[in-house]
Amino acid sequence: GDNSMERVYEGTGIGLSLVREYVDLFNGRVEVLSREGEGSVFTVLLPLKKCGLSVEDQLKPDPDQISRSALVYLSDINPSVKRQKDGLERETGTVDNDTVLIVEDNRDMRLYLKDILKTRYKIKEAGNGVEALSVIAGSMPELIVSDIMMPDMDGYRLLAELKNNASTSRIPVILLTAKVGDEEKIMGLECGADDYIVKPFSSRELLTRVNTLVKLYRYQKMMEERNSIIESELAVAREIQARLVITAASEHHENFYAFYRPYDRVAGDFYGYIEDADKIHIFIADVSGHGVAAAFLSLVARNELAGLIKKGTDAAAVLEQLNNTICSYTVKGNFMTLFYCVFYRETGCLNYARAGHNPPLVFSRKKGSVDELKPSGTALGIYASLGYESGNIYLGEGDRILFYTDGLTECADSSCEMFGTRRLCDILKKSPGLNPEDLSLHIVSQLEEFAGGKSFKDDVTLLVFDVPAISPGTG
């Protein structure tokens, strides 16, 4: 026996199996005596005495006793042996554009594999792993059929080279071996092989496995191409969405600062503020779900909201009209929460309404306290023709409002504890001297430390508004 992984000549493993099949047909047996370092002796024992039968008749096998497995192998090497009518015929047809690389140091075995596969695929050949890598560098195959024991570079080393290279890591690989046993098979699969075939094998088995893996590889490439197109389109959508969101950071507004980190390429959170001579309109919203559907609904809502703001109506009336519009665009049960308010510069009055959104936190500089703005109101897009409650609060210069989405307060740590509003309230009370930008970044820093990283499981948006000086007579 020879257990070396690299040698000049290797048997195919088919011969011994066929001998066993033949001997079984005559009710005989095969014995083996093997000594390490000396070699192996195989003995074939056949019964020759059957009462009433000549020697010639005794050596003629009964066709009914021929096993199906024997026919599979015999038909591969002898065309005169007819296949049973059960679909074992070799699959033929036009040659596909797909290429299969055969890596095998045994010339006879390589020709045998080529003969099976050339009916369907373009064939390239290599005598070992080193030659295979050279062939692959020139042209990428759709599948590789490789022996394990080869000189210079065996099948396992070739597999490792392929899987460690990003450009070749996804090429399906079938390993061939004459070694039998679960450990050998498990080793091959753990190394990254897509399939593992033990010699001897039938042409039908090989061709079926090759066909299956090539089809899967085609589908995988197709999905990757489609995903690439989708990713490209999502990047454009993200850029468009980013331009439509008014970001205080980009405008360096002394009274505003916003932080926005979407969970997906495109998201459902949006926010903004619109100023005119006597008022400041502020809004923040969160659409259920993520991705394209959420982003589409947020754009519809934002455009409709911009039109309603121009009409100058009460905050509650704005939500009532916006809800009726959203109801005509929602699909599969998605909805939107929103908080909208109007700050009047002349009086310091804040008129506000809430549609199921997280209540903003108001920090009173004079009192050092934090209160929530939480009038009742159902999320937008669930039921049409709903009424909303509005509220009014008078603010002074230096007071502060923190608007946020639930991605902030519901962010959890490793023990599943949520960040919560209490932590936000504490930060507001302890940081009255920070400007809006520094306060926002401080909150984000605390959130990242709490969550153990910068990756959150939901869109996170916060907007800080510092109340400017009250200006009587601006209207």
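- A distance of 10.5 Å separates CD1 of Ile102 from CD1 of Ile174, quoted to the nearest 0.5 Å.
- Using a 4.5 Å heavy-atom cutoff, the side chains of Leu428 and Leu424 are not in contact.
- Considering only heavy atoms from C-beta on, Leu439 comes within 4.5 Å of Ile427 through its side chain.
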When you look at Asp98 and Leu143, which way does the side-chain contact (heavy atoms from CB on, under 4.5 Å) test go after all the steps?
CA-CA 8 Å; Asp98 298 315; Leu143 182 135; over 6 Å; no
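- Under a 3.5 Å cut-off, the side chain of Ser445 and the backbone N or O of Leu441 do not form any donor-acceptor pair.
- Looking only at distances, a side-chain donor or acceptor of Arg354 sits under 3.5 Å from a matching main-chain atom of Pro375.
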Would Tyr121 and Asn211 satisfy side-chain hydrogen bond (donor to acceptor under 3.5 Å, both in side chains), going step by step from the backbone distance to the final call?
CA-CA 10 Å; Tyr121 302 100; Asn211 290 344; 2.4 Å; yes
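- Of all heavy-atom pairs spanning Thr405 and Ala285, the tightest one is CG2-O, 4.0 Å.
- Remark: the backbone N or O of Tyr344 is not paired with any side-chain donor or acceptor of Lys279 at under 3.5 angstrom.
- With hydrogens and angles ignored, the 3.5 Å screen pairs a side-chain donor or acceptor of Asp399 with a backbone N or O of Gly396.
- Shown here are the ring-ring contact (aromatic ring centres under 6.0 Å, His included) partners of Tyr340, two or more places apart in sequence or in another chain: there are none.
- Atoms OG and CG, from Ser364 and Asp371 in turn, are 8.0 Å apart once rounded to the nearest 0.5 Å.
- When all heavy atoms of Tyr217 and Glu142 are compared, the pair lying nearest together is CD2-O, 3.4 Å.
- Taken to the nearest 0.5 Å, the CG atom of Leu462 stands 7.5 Å off from the CD1 atom of Ile284.
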Start with the C-alpha distance between Val467 and Leu350, add both sets of side-chain angles, then the distance that settles side-chain contact (heavy atoms from CB on, under 4.5 Å), and finish with yes or no.
CA-CA 10 Å; Val467 177; Leu350 185 79; over 6 Å; no
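- Annotation for Cys411 and Ala451: closest pair SG-CB, 3.6 Å, computed over non-hydrogen atoms.
- Arg110 contributes no side-chain N or O that, together with a main-chain N or O of Gly127, makes up a donor-acceptor pair within less than 3.5 Å.
- A 4.5 Å side-chain heavy-atom check between Asn358 and Leu408 finds every atom pair outside the cut-off.
- The pair Asp466-Arg400 meets the salt-bridge criterion, with a side-chain N (NZ, NE, NH1 or NH2) lying under 4.0 Å from an Asp/Glu carboxylate O.
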Before giving the answer on side-chain contact (heavy atoms from CB on, under 4.5 Å), spell out for Leu175 and Tyr156 the whole-Å C-alpha distance, their side-chain angles and the decisive distance to 0.1 Å.
CA-CA 9 Å; Leu175 289 181; Tyr156 291 137; 4.0 Å; yes
Lys430/His442 under side-chain contact (heavy atoms from CB on, under 4.5 Å): CA gap, chis, key distance, verdict
CA-CA 11 Å; Lys430 295 176 181 178; His442 177 59; over 6 Å; no
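- A salt bridge does not link Lys221 with Glu225: none of the charged nitrogens is closer than 4.0 Å to a carboxylate oxygen.
- Counting only N and O atoms by type, the side chains of Asn392 and Asn351 include a donor and acceptor under 3.5 Å apart.
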Could you walk me through whether Glu161 and Arg157 pass salt bridge (charged side-chain N to carboxylate O under 4.0 Å, His left out), step by step?
CA-CA 6 Å; Glu161 291 287 337; Arg157 289 172 56 196; over 6 Å; no
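- Under the rule for a salt bridge (charged side-chain N to carboxylate O under 4.0 Å, His left out), Asp413 has no partner lying at least two apart in sequence or in another chain.
- When side chains are defined from C-beta on, Leu305 does not count as touching Arg302, because their heavy atoms never get closer than 4.5 Å.
- With a 4.5 Å cut-off on side-chain heavy atoms, Leu117 and Arg120 do not count as touching.
- Between Met336 and Ala301 the shortest heavy-atom distance is CE-CB, 3.2 Å.
- Here Phe419 pairs with Phe450 under the ring-ring contact (aromatic ring centres under 6.0 Å, His included) rule; sequence neighbours left out.
- In this structure the side chain of Thr378 never reaches within 4.5 angstrom of the side chain of Phe335, judged on heavy atoms.
- Ring-centre distance between Phe465 and Tyr273: not below the 6.0 Å cut-off.
- Residues Asn106 and Asp147 have side chains not in contact (no heavy-atom distance under 4.5 Å, counting atoms from C-beta outward).
- Note that the SG atom of Cys349 and the CD1 atom of Ile393 stand 9.0 Å from one another [nearest 0.5 Å].
- Residues Ser385 and Asn323 approach most closely at N-ND2, 4.0 Å, considering heavy atoms.
- Residues Lys114 and Glu104 are not paired through a salt bridge, judged by the lack of any N-O separation under 4.0 Å between the basic side chain and the carboxylate.
- Residues satisfying the salt bridge (charged side-chain N to carboxylate O under 4.0 Å, His left out) test with Glu372, not counting sequence neighbours, are Lys374.
- Summarising the geometry, atom CG belonging to Leu207 is positioned 11.5 Å from atom CG belonging to Leu113; distances are rounded to the nearest 0.5 Å.
- The two residues Leu463 and Ala258 make their nearest non-hydrogen contact at CD1-CB, 3.7 Å.
- Considering only residues two or more places apart in sequence or on other chains, Lys215 meets the salt bridge (charged side-chain N to carboxylate O under 4.0 Å, His left out) condition with none of them.
- Residues Thr99 and Ser139 are not in side-chain contact: their nearest non-hydrogen atoms beyond the backbone lie 4.5 Å or more apart.
- Put simply, CG on Leu213 and OG1 on Thr208 are 11.0 Å apart, with the number rounded to the nearest 0.5 Å.
- The ring pair (Phe, Tyr, Trp, His ring centres under 6.0 Å) analysis of residues 354-393, with sequence neighbours excluded, yields no pairs.
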